[in-house]
Enquirer: 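Sharing a structure, written as structure tokens. Questions coming.
Throughout, a chain's letter reflects where its sequence line sits, starting with A, and its residues are numbered from 1.
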Amino acid sequence: AQSVTQPDARVTVSEGASLQLRCKYSYSATPYLFWYVQYPRQGLQLLLKYYSGDPVVQGVNSFEAEFSKSNSSFHLQKASVHWSDSAVYFCALSLIITGNTGKLIFGLGTTLQVQP
Amino acid sequence: EAAVTQSPRSKVAVTGGKVTLSCHQTNNHDYMYWYRQDTGHGLRLIHYSYVADSTEKGDIPDGYKASRPSQENFSLILELASLSQTAVYFCASSDWGSSYEQYFGPGTRLTVL
């Protein structure tokens, strides 16, 4: 069955440190993958997306993600985090329901806490 | 300007009462979705729609109805609210097929007492 797994429920890093948030997916077809961020009391905002091509995709606010078909992974990275990056991060997979409709399957999310 | 808006932003309802959550989008998207978010469950799809006057069941439709009277508006209806429906509800829109990302509203925090 199609699924998205974010193995780390919570990650704590120091400001200025590098970051990797892990995402594994299970899907037999070509995946369309996304990372969303949710700040407290807000909706989800798109950070970046992968459809095809270069496996490293750039997103907003210096985030990037690397797609690996062999590992079924789409890990999110940032070279130097800021306290304002503290939020919940969701990995998502676009799934075809019928020929012309689809939906997103979300992981459970990873809460990132950046310590000063 | 916010392209997906939801009303109300928060609501307290009584068990057995009727609750209507509203969503409005100005993205000119055909697809609209309703999700609920619970701690430990992430986001789960309740209902979706890809054309006005038509709705489809998502993964957890029981206890919910949806209505899509126009391309811009999509409502979620709880005919008999229950304690288990306490959650945060998100609406989203998408131009699925040409691009696959979804654009989310700010959410409605529903508390059923």
Enquirer: By a 4.5 Å heavy-atom criterion (distance strictly below it), what part of Q6(A) contacts chain B: side chain, backbone, both, or neither?
Expert: neither
Enquirer: Below 4.5 Å from any heavy atom of chain A, which atoms of D30(B) appear? Answer side chain, backbone, both or neither.
Expert: neither
Enquirer: I'd like to know which of L46(A), I105(A), L44(A), V88(A) tops the heavy-atom pair count under 4.5 Å against chain B.
Expert: L44(A)
Enquirer: Linking I/L/V/M/F/W/Y whenever their side-chain heavy atoms sit closer than 4.5 Å, directly or via other members, would Y39(A) and L43(B) fall into one cluster?
Expert: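 Yes, because Y39(A) and L43(B) connect within a single hydrophobic cluster, where side-chain heavy atoms sit under 4.5 Å apart.
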Enquirer: Step by step, would you call F106(A) with Q37(B) a side chain to side chain contact (heavy atoms under 4.5 Å, CB included)?
Expert: CA-CA 11 Å; F106(A) 289 86; Q37(B) 183 179 39; over 6 Å; no
Enquirer: Less than 4.5 Å apart, side chain to side chain, heavy atoms only: is that true for Y33(B) and L104(A)?
Expert: no
Enquirer: Starting from L76(B), can I reach V51(B) by hopping between I/L/V/M/F/W/Y residues whose side chains sit under 4.5 Å apart?
Expert: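 Cluster IDs for V51(B) and L76(B) differ.
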Enquirer: In terms of hydrophobic clusters joined by side-chain contacts under 4.5 Å, are L110(B) and Y35(B) together?
Expert: no
Enquirer: Side chain, backbone, both or neither: which part of R109(B) has a heavy atom under 4.5 Å from chain A?
Expert: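 Contact with chain A involves the side chain of R109(B) alone.
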Enquirer: Between Y27(A) and F90(A), is there a shared hydrophobic cluster once you connect ILVMFWY residues whose side-chain heavy atoms come closer than 4.5 Å?
Expert: yes
Enquirer: Quick check: do Y36(A) and Q102(B) have side-chain heavy atoms less than 4.5 Å from each other?
Expert: yes
Enquirer: Same hydrophobic cluster for F34(A) and L19(A), using side-chain heavy-atom links shorter than 4.5 Å among ILVMFWY?
Expert: yes
